[in-house]
Number of protein chains: 2
Amino acid sequence: MTPTRQDAPPRAARDERTREARRDALAESALTTLGELGYARTSLREIAANSEFSHGVVHYYFRDKTELITYCVRYYKARCVHRYDGVVAESRTAPELLIAFSDKLVETIVDEAPMHRLWYDLRTTSMFEEALRPDVVAIDASLQDMVWRVVSRYAELAGRPLVVTPGVAYAMLDGVFERCLLRHLAGERDALDELRAAVRGALPLLLRAD
Amino acid sequence: MTPTRQDAPPRAARDERTREARRDALAESALTTLGELGYARTSLREIAANSEFSHGVVHYYFRDKTELITYCVRYYKARCVHRYDGVVAESRTAPELLIAFSDKLVETIVDEAPMHRLWYDLRTTSMFEEALRPDVVAIDASLQDMVWRVVSRYAELAGRPLVVTPGVAYAMLDGVFERCLLRHLAGERDALDELRAAVRGALPLLLRAD
DNA sequence: CCAGAGTCTTGACGAGTGTCAAGACTCTGG
DNA sequence: CCAGAGTCTTGACACTCGTCAAGACTCTGG
């Protein structure tokens, strides 16, 4: 066998890597577009216009629109489900974690509002389109775990047990977050402060009364 | 002046009433269609197909699609915001109200699932389309009031004050409800029982510890 | 340098959309 | 019974969409 140079891998392998890079680039452009327009109004031409390619190239890297969207959804998930792990790891007391977590929520609702509304859009759309449901359910479960890591660590630091299930804890916090996102997008000034206050007030309620 | 017969009002008045009846009939058909397909995939032809009229008639009674949708949204609101008033009026103790309210939530999530997912669809869509936002915000406020009537009456019967604002109480319950709706639509059997249990477990948390 | 595989652009297609105009139908006042 | 206002249907329009085929461009192995 002819030995291959290590810094020049065989053709197929290199192609596979650039191919993956192209798919990721298209996914980035797609996510930008989806965050601006929403699922229903996002067209392949608009996605391509937000990329460096023309509209036909999408079908060169993805079988159809559904495959692109699915790829985007998974791409998105991989990027966001560990958003609060730092908060969990670095907080030393329960009040400290409460403050860091609520601040982080406010930060992300400001910095990543389009991605958040896209997620709610996809989740709602999955109530009508079964094709989206498996991926949405998987992400929802990941988000529930993410919240549970925060909440259970909070309880641990507080030295008091939780009185809610992971599902209910996630649903409650998510409800608060979604409502504040809507109000923030509607331009309500105090939405952010209320989110912070709401979370700081709500988390202690999930602990057994001492 | 020639007196008009009381059981035969002038032409214009009668026309106005039948015109209103037509608009309501179209709104009913539109809501059915919207609940089945969602906001984005509902077309005027599909709405007309679910009515006794042809597709052109929509523009005879509504200026454009937006006016029809707006009319539908308000029509929907008027029908649903007093859903739990009976529960509030008839319950005599806090535990009784808790049971009646949670049962009613389960009942409506089963019987009116399409309308509920439509509401979430509209609310999410309003994050992208400003035209929908005023009506959505108004309905959201009505729903918050609706929940607050339940929750505050519950606190009153329990003889303990609430420790959350109306907005947070609504957001938390709505989050639990939305999550269970999604799971119910996904065919998860225990979604309904979990909704019931979640609400019965959650409402007491909103009262000051005794 | 050149053939050929790989990559990307362009333009077309059929289906579906909101909108509207022209005309057919219906009902009623005189 | 008839004219005309009111109501509804039909068919067309301009447009956008996902998809795909034909060809142009790019890059590289030999």
Side-chain angles (χ1 to χ4, degrees), chain A residues 2-5 7-27 29-30 33-34 36-72 125 128-129 131-132, chain B residues 2 4-5 7-26 29-30 33-34 36-72 125 128-129 131-132:
Chain A
T2 309
T4 352
R5 283 202 303 143
D7 54 343
R11 180 73 176 276
R14 204 207 57 134
D15 287 358
E16 198 51 43
R17 258 193 291 120
T18 70
R19 187 174 178 82
E20 202 62 24
R22 286 282 190 283
R23 287 167 67 97
D24 286 355
L26 284 172
S29 300
T33 312
L34 286 162
E36 280 171 13
L37 302 180
Y39 177 79
R41 304 201 303 179
T42 293
S43 69
L44 296 180
R45 283 171 175 82
E46 196 67 32
I47 291 172
N50 280 338
S51 78
E52 52 180 348
F53 305 105
S54 64
H55 73 270
V57 87
V58 174
H59 284 86
Y60 186 73
Y61 288 104
F62 296 94
R63 186 159 34 82
D64 53 18
K65 189 183 183 182
T66 303
E67 190 183 287
L68 170 60
I69 298 288
T70 301
Y71 189 87
C72 284
T125 304
F128 297 92
E129 293 194 29
L132 277 176
Chain B
T2 310
T4 351
R5 284 201 302 143
D7 54 344
R11 180 71 175 275
R14 205 206 56 132
D15 286 357
E16 200 49 44
R17 259 193 291 120
T18 70
R19 186 174 178 83
E20 201 62 23
R22 286 283 190 281
R23 287 166 67 96
D24 286 355
L26 284 172
S29 300
T33 313
L34 287 162
E36 279 172 13
L37 302 179
Y39 176 79
R41 305 200 305 178
T42 293
S43 69
L44 296 180
R45 282 171 176 79
E46 196 67 32
I47 291 172
N50 280 339
S51 78
E52 51 180 348
F53 304 106
S54 65
H55 74 270
V57 86
V58 174
H59 285 86
Y60 186 73
Y61 290 104
F62 296 94
R63 185 159 34 84
D64 53 18
K65 190 183 183 181
T66 303
E67 190 184 287
L68 169 60
I69 298 287
T70 302
Y71 189 88
C72 284
T125 303
F128 297 92
E129 294 193 30
L132 277 176

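Numbered from 1 within each chain, the chains take letters A, B, ... in sequence-line order.
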Item to complete: For DNA chain D, determine which residues of residues 38-49 of chain B have any heavy atom closer than 4.0 angstrom to one of its atoms, and list them numerically.
Response: B/R45
Item to complete: Report yes if some heavy atom in the side chain of A/R19 is under 4.5 Å from a heavy atom in the side chain of A/Y60; otherwise report no.
Response: yes
Fill in: Secondary-structure string, 5' to 3', Watson-Crick or G-U under 3.5 Å, | for another-strand partners, for DNA chain D
||||||||||||||||||||||||||||||
Worksheet item: Looking only at side-chain N and O atoms, does B/Y61 come under 4.0 Å of OP1 or OP2 in D/dC8?
Response: yes
Discussion item. How many whole angstroms separate atom CG of B/D64 from atom P of C/dT17?
Written reply: 17 Å
Response to the item:
In whole angstroms, the gap separating C1' of D/dT7 from CD of B/E20 amounts to 17 Å
Worksheet item: Is there any salt bridge (charged side-chain N to carboxylate O under 4.0 Å, His left out) pair reaching into residues 42-59 of chain A, and which pairs are they, with sequence neighbours excluded?
Response: none
Worksheet item: Quick one: salt bridge (charged side-chain N to carboxylate O under 4.0 Å, His left out) partners of B/R41, sequence neighbours excluded?
Response: A/E129
Worksheet entry | Set of residues satisfying ring-ring contact (aromatic ring centres under 6.0 Å, His included) with respect to A/Y39, sequence neighbours excluded | none
Practice prompt. For A/K65 and D/dT19, give me the distance from atom NZ to atom P, rounded to whole Å.
Written response: 8 Å
Discussion item. B/T42: which residues meet the side-chain hydrogen bond (donor to acceptor under 3.5 Å, both in side chains) condition with it, sequence neighbours left out?
Written reply: none
Item to complete: Calculate the interatomic distance between A/E52 atom CD and C/dC8 atom C1'; express it in whole Å.
Response: 11 Å
Worksheet item: Among all residues two or more places apart in sequence or in another chain, which pass the side-chain contact (heavy atoms from CB on, under 4.5 Å) test with A/T66?
Response: A/D64, A/T70
Worksheet entry | Interatomic distance, B/R19 CZ vs D/dG6 P [rounded to whole Å] | 11 Å
Practice prompt. Please report the closest heavy-atom contact between A/C72 and A/A30, naming both atoms and the distance.
Written response: SG-CB, 3.4 Å
Practice prompt. For A/L68 and D/dC17, give me the distance from atom CG to atom P, rounded to whole Å.
Written response: 15 Å
Can you give me the N/O atom pairs linking the protein to nucleotides 20-26 of chain D at distances under 3.5 Å, or say none if there are none?
none

Discussion item. With a 3.5 Å distance limit and no angle check, can you tell me whether B/S29 reaches the backbone of B/N50 through a side-chain donor-acceptor pair?
Written reply: yes
Practice prompt. Please name the pair of heavy atoms, one in A/I47 and one in A/L26, separated by the smallest distance, quoted to 0.1 Å.
Written response: CG2-O, 4.2 Å
Worksheet entry | A/F128: ring-ring contact (aromatic ring centres under 6.0 Å, His included) partners, not counting sequence neighbours | none
Worksheet entry | B/F62: partners by ring-ring contact (aromatic ring centres under 6.0 Å, His included), with sequence neighbours left out | B/Y71
Fill in: Any B/Y60 side-chain N or O less than 4.0 Å from OP1/OP2 of D/dT7
yes
